[in-house]
Amino acid sequence: MNGWAVTSGLGWAPWLAVAALGLAVALVNATSRLMETARDGDAVPGWAPFVWEFSSLALLLALAPLIGAAVAGYPPRRDRLARFVAVHAALTVPYSVLHVGGMVALRKLAYALAGTAYDFSHGDLAREFFYEWRKDVLSYAIVAAVYWYFQRRAEAGQASADRRIEIRDGTSAVYLPPSDILWVEAAGNYVQFHTSAKTHLVRATLAAWEAKLAAQGIVRVHRSRLVNRARIRALKPTPAGDVEITLDDGRAVIGSRRYREALDTAQNP
């Protein structure tokens, strides 16, 4: 199961979510059947509803990673929605064949151990398979939705990680989300990255980092200083004609009148 569980690169999380949901449904269905048989006076062994439900759950959990892999290979996209529907609708048939075949085998084994026999088809195999396939379409859709949810989360996390900025602080590599940076300042042959928690010192030029950080909204406001526009709280003119920039952590730095346009953009995004 370990190899299957990681087929779509998501580890065990979606499989465990499917297992938790499936277990809850199986318990509710099994106990409901027990109460219904007691109410209607049906001669059904007390263990039978649990065999029915948990044999189905066992096959669902065995096949769930394959559904996850199918969703990863054929995800829902606006420009390919028809293909998505067609592929997954078609896949419900082999899924149902495997699900029904496996659960019937488990039920026959359980009934044999109890000294009795299990009859799945009741004389009409096509009708019974169609009955089960309808339910399998729903279970396939639910499992697919769970895996798709976790895939979207993983993609969002990866996109966030890809946006991080790598800087070399001494001998260590530090990865900073752009939103953590307050301002960047030249310090001789070094550049200081100021965050709310710490200042990182990097051997580099401010001009080089200005080019790298422009797309992140970190712009030059002074000959020796860059500021994160998203972290600006207030601007206040100084007597010398420059501007005092108050950041959202309460600290203030000075911006030059030469770079007023970047500061005006910060006020009016």
Side-chain angles (χ1 to χ4, degrees), residues 1 4-5 7-8 14-76 80-151:
M1 178 66 73
W4 282 12
T7 297
S8 55
W15 188 88
L16 290 173
V18 170
L21 180 61
L23 179 61
V25 172
L27 287 173
V28 169
N29 286 347
T31 52
S32 294
R33 295 248 187 141
L34 279 179
M35 290 186 283
E36 290 166 2
T37 55
R39 179 194 62 197
D40 299 335
D42 294 336
V44 175
W47 50 264
F50 292 95
V51 169
W52 302 340
E53 295 300 327
F54 283 90
S55 60
S56 176
L57 177 60
L59 267 296
L60 172 67
L61 295 181
L63 297 170
L66 297 181
I67 298 176
V71 172
Y74 298 93
R80 296 183 177 180
L81 189 58
R83 186 187 73 161
F84 166 77
V85 173
V87 167
H88 290 284
L91 287 175
T92 62
V93 177
Y95 163 72
S96 188
V97 170
L98 293 172
H99 180 245
V100 172
M103 76 179 189
V104 168
L106 290 178
R107 292 175 185 180
K108 285 184 175 293
L109 176 61
Y111 272 65
L113 292 174
T116 184
Y118 174 74
D119 180 15
F120 168 73
S121 67
H122 302 291
D124 192 339
L125 180 60
R127 182 193 64 189
E128 291 301 318
F129 177 77
F130 178 74
Y131 173 81
E132 293 294 336
W133 173 78
R134 295 176 312 123
K135 296 189 293 182
D136 285 342
V137 169
L138 181 59
S139 66
Y140 183 104
I142 292 172
V143 173
V146 170
Y147 272 85
W148 176 235
Y149 168 76
F150 279 93
Q151 286 170 15

*Return each pair, listed once, that meets side-chain hydrogen bond (donor to acceptor under 3.5 Å, both in side chains) where at least one residue sits in residues 54-70; pairs must be two or more places apart or across chains.*
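Listed by first then second residue: Ser55-Arg107, Ser56-His99.
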*Can you tell me if CZ on Arg83 sees more than 12 non-hydrogen neighbours from other groups inside 6.0 Å?*
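Counting neighbours around CZ of Arg83, more than 12 heavy atoms of other residues, nucleotides or ligands fall under 6.0 Å, so yes.
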*asked:* If you compare all heavy atoms of Ala110 against all heavy atoms of Val51, which two are closest, and at what distance to 0.1 Å?
replied: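 So the two residues come closest at CB-CG1, 3.7 Å.
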*May I have the step-by-step check of side chain to side chain contact (heavy atoms under 4.5 Å, CB included) for Tyr95 and Leu60, ending in yes or no?*
CA-CA 9 Å; Tyr95 163 72; Leu60 172 67; 3.1 Å; yes
*asked:* Go through it in stages, so that I can follow the logic: the residues are Tyr74 and Leu91, the test is side chain to side chain contact (heavy atoms under 4.5 Å, CB included), and I'd like the CA-CA distance, side-chain angles, deciding distance and then a yes or no.
replied: CA-CA 11 Å; Tyr74 298 93; Leu91 287 175; 5.6 Å; no
Rounded to the nearest 0.5 Å, how far apart are [atom1] of [X] and [atom2] of [Y]?
X      : Y      : atom1 : atom2 : answer
Glu36  : Asn29  : CD    : CG    : 9.0 Å
Leu57  : Leu27  : CG    : CG    : 9.0 Å
Leu34  : Arg39  : CG    : CZ    : 12.5 Å
Asp124 : Tyr131 : CG    : OH    : 14.0 Å

*Where at least one partner belongs to residues 16-71, residue pairs that pass ring pair (Phe, Tyr, Trp, His ring centres under 6.0 Å), sequence neighbours excluded*: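 Pairs touching residues 16-71 that pass the test: Trp47-Tyr111.
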_Just to verify, what does Phe84 make a ring pair (Phe, Tyr, Trp, His ring centres under 6.0 Å) with, not counting sequence neighbours?_
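With sequence neighbours excluded, Phe84 shows a ring pair (Phe, Tyr, Trp, His ring centres under 6.0 Å) to His88, given in chain and number order.
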*What residue pairs, at least two apart or across chains, pass salt bridge (charged side-chain N to carboxylate O under 4.0 Å, His left out) with a residue in residues 128-138?*
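Residue pairs passing salt bridge (charged side-chain N to carboxylate O under 4.0 Å, His left out), neighbours aside: Glu132-Lys135.
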*Do the side-chain N and O atoms of Tyr140 and Ser96 include a donor-acceptor pair separated by under 3.5 angstrom?*
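The criterion, which ignores hydrogens and geometry beyond distance, is not satisfied for Ser96 and Tyr140.
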For [X], all residues meeting side chain to side chain contact (heavy atoms under 4.5 Å, CB included), sequence neighbours excluded:
X      : answer
Ala105 : none
Leu113 : Leu109
Ala17  : Val146, Phe150

May I ask you to test the [X]-[Y] pair for a side-chain heavy-atom distance under 4.5 Å?
X      : Y      : result
Trp148 : Pro14  : no
Ile142 : Val18  : no
Ile67  : Tyr147 : no
Pro49  : Val44  : yes
Trp133 : Val100 : no

*May I ask you to decide if Ala64's main-chain N or O and Trp15's side chain share a donor-acceptor pair within less than 3.5 Å?*
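No, because the side chain of Trp15 does not come within donor-acceptor range (under 3.5 Å) of the backbone of Ala64.
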*With sequence neighbours left out, write down each residue that passes salt bridge (Lys or Arg N to Asp or Glu O under 4.0 Å) with Lys108, or none if nothing qualifies.*
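So Lys108 forms no salt bridge (Lys or Arg N to Asp or Glu O under 4.0 Å) with any residue.
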